[in-house]
Amino acid sequence: MLCQNNLNQWLQDLFKTVDNKDTERFTGYLSDQVKFRFGNMPTTNGKAAVTEQVAYFFDSIKALEHSIIDFWIKDSDVMCHGTVTYTRHDDSTLTVPFANAFKINLLSIEEYLIFADLSELYQAT
């Protein structure tokens, strides 16, 4: 279980892994039965399926960088929000606000919900 004191470091480590597009390390944060939803996409169930989805997303962009503004924890629920900048393969960028909600058990993410508007990400620049 995370406490307020080490939650900031845990989140920084998680988002560094995401920003490095390190699918293998990212998978280590997930429980085997994880439920994952990214934006308005359908929920993906299970570590293997989430890993495949995240790897596909990482390949679809050149880079990404998160900046966390604030976070909260209550029992096993974690919320955070900030901005994320996506770099497309043509080097153009898109910065949008995001919010993430996690359910965590023994440092494994059981539910991972990402709220971000990606409607402009794949539009021609």
- Correct closest heavy-atom pair for Thr87 and Asp91 would be CG2-CA, 4.0 Å
- Item | Test item: Trp10 and Tyr29 side chains (from C-beta on) under 4.5 Å apart, heavy atoms | yes
- Taking atom CD of Glu65 as the centre, report whether more than 12 heavy atoms of other residues, nucleotides or ligands fall under 6.0 Å from it. no
- I would like to know whether Asn100 and Phe102 meet side chain to side chain contact (heavy atoms under 4.5 Å, CB included); could you show each step before the answer? CA-CA 7 Å; Asn100 285 6; Phe102 307 97; 3.8 Å; yes
- Query: Heavy atoms, side chains only, cut-off 4.5 Å: are Thr27 and Lys47 in contact?
  - Reply: yes
- Message: Taking the side chain as everything from C-beta on, heavy atoms only, tell me whether Leu7 gets closer than 4.5 Å to Val78.
- Response: yes
- Taking C-beta and beyond as the side chain, do Phe15 and Cys80 meet within less than 4.5 Å on heavy atoms? yes
- Message: Tyr86 vs Thr95, test: side chain to side chain contact (heavy atoms under 4.5 Å, CB included). Steps then yes/no.
- Response: CA-CA 6 Å; Tyr86 299 101; Thr95 300; over 6 Å; no
- Message: Starting from Phe71, can I reach Leu14 by hopping between I/L/V/M/F/W/Y residues whose side chains sit under 4.5 Å apart?
- Response: yes
- Task: Find the distance between CG (Leu121) and OG (Ser92) and round it off to the nearest 0.5 Å.
- Result: 8.5 Å
- Side chains of Lys21 and Asp19: does their closest heavy-atom pair fall under 4.5 Å? no
- Message: Would you say Leu113 ends up clustered with Met79 if hydrophobic residues are merged whenever their side chains have heavy atoms under 4.5 Å apart, either directly or through other cluster members?
- Response: no
- Gap between atom CD1 of Ile109 and atom OG of Ser76 - 0.5 Å precision: 12.0 Å
- Message: If you define the side chain from C-beta out and look only at heavy atoms, does anything of Tyr122 sit under 4.5 Å from Ser60?
- Response: yes
- Message: Would you compute the distance between atom CG of Asp77 and atom CD of Glu111 and round it to the nearest 0.5 angstrom?
- Response: 8.5 Å
- Task: Assign the ring pair His66 / Phe98 to parallel, tilted or perpendicular, where the plane angle (0 to 90°) is split at 30° and 60°.
- Result: perpendicular
- Task: Would you give the length of the straight line joining atom OG1 of Thr83 to atom CD1 of Ile68, rounded to the nearest 0.5 angstrom?
- Result: 10.0 Å
- Message: Show the nearest heavy-atom pair for residues Glu120 and Arg88, with the distance to one decimal.
- Response: O-NH2, 2.9 Å
- Please round to the nearest 0.5 Å and tell me the distance separating atom CG of Leu64 and atom OG1 of Thr85. 9.0 Å
- Query: Would you say Phe115 and Val50 are hydrophobically clustered, going by side-chain heavy atoms of ILVMFWY under 4.5 Å?
  - Reply: no
- Keeping the roles fixed (side chain from Glu52, backbone from Ala48), state whether a donor-acceptor pair exists under 3.5 Å. no
- Rounded to the nearest 0.5 Å, how far apart are OH of Tyr56 and OG1 of Thr23? 14.0 Å
Show me the side-chain donor-acceptor pairs of residues 34-45 shorter than 3.5 Å, one per line, residues at least two apart or across chains.
from: Thr44; atom 1: OG1; to: Gln53; atom 2: OE1; distance (Å): 2.5

- Query: Should Val84 and Val96 count as side-chain neighbours, where that means a heavy-atom distance under 4.5 Å?
  - Reply: yes
- Message: Using 30° and 60° as the class boundaries, would you call the ring planes of Trp72 and His81 parallel, tilted or perpendicular?
- Response: parallel
- Query: Considering all heavy atoms of both residues, which atom of Asp22 and which atom of Phe58 are nearest to each other, and what is their separation?
  - Reply: N-CE1, 4.0 Å
- Query: Below 4.5 Å, heavy atoms only, C-beta onward: do Val18 and Phe26 meet side chain to side chain?
  - Reply: yes
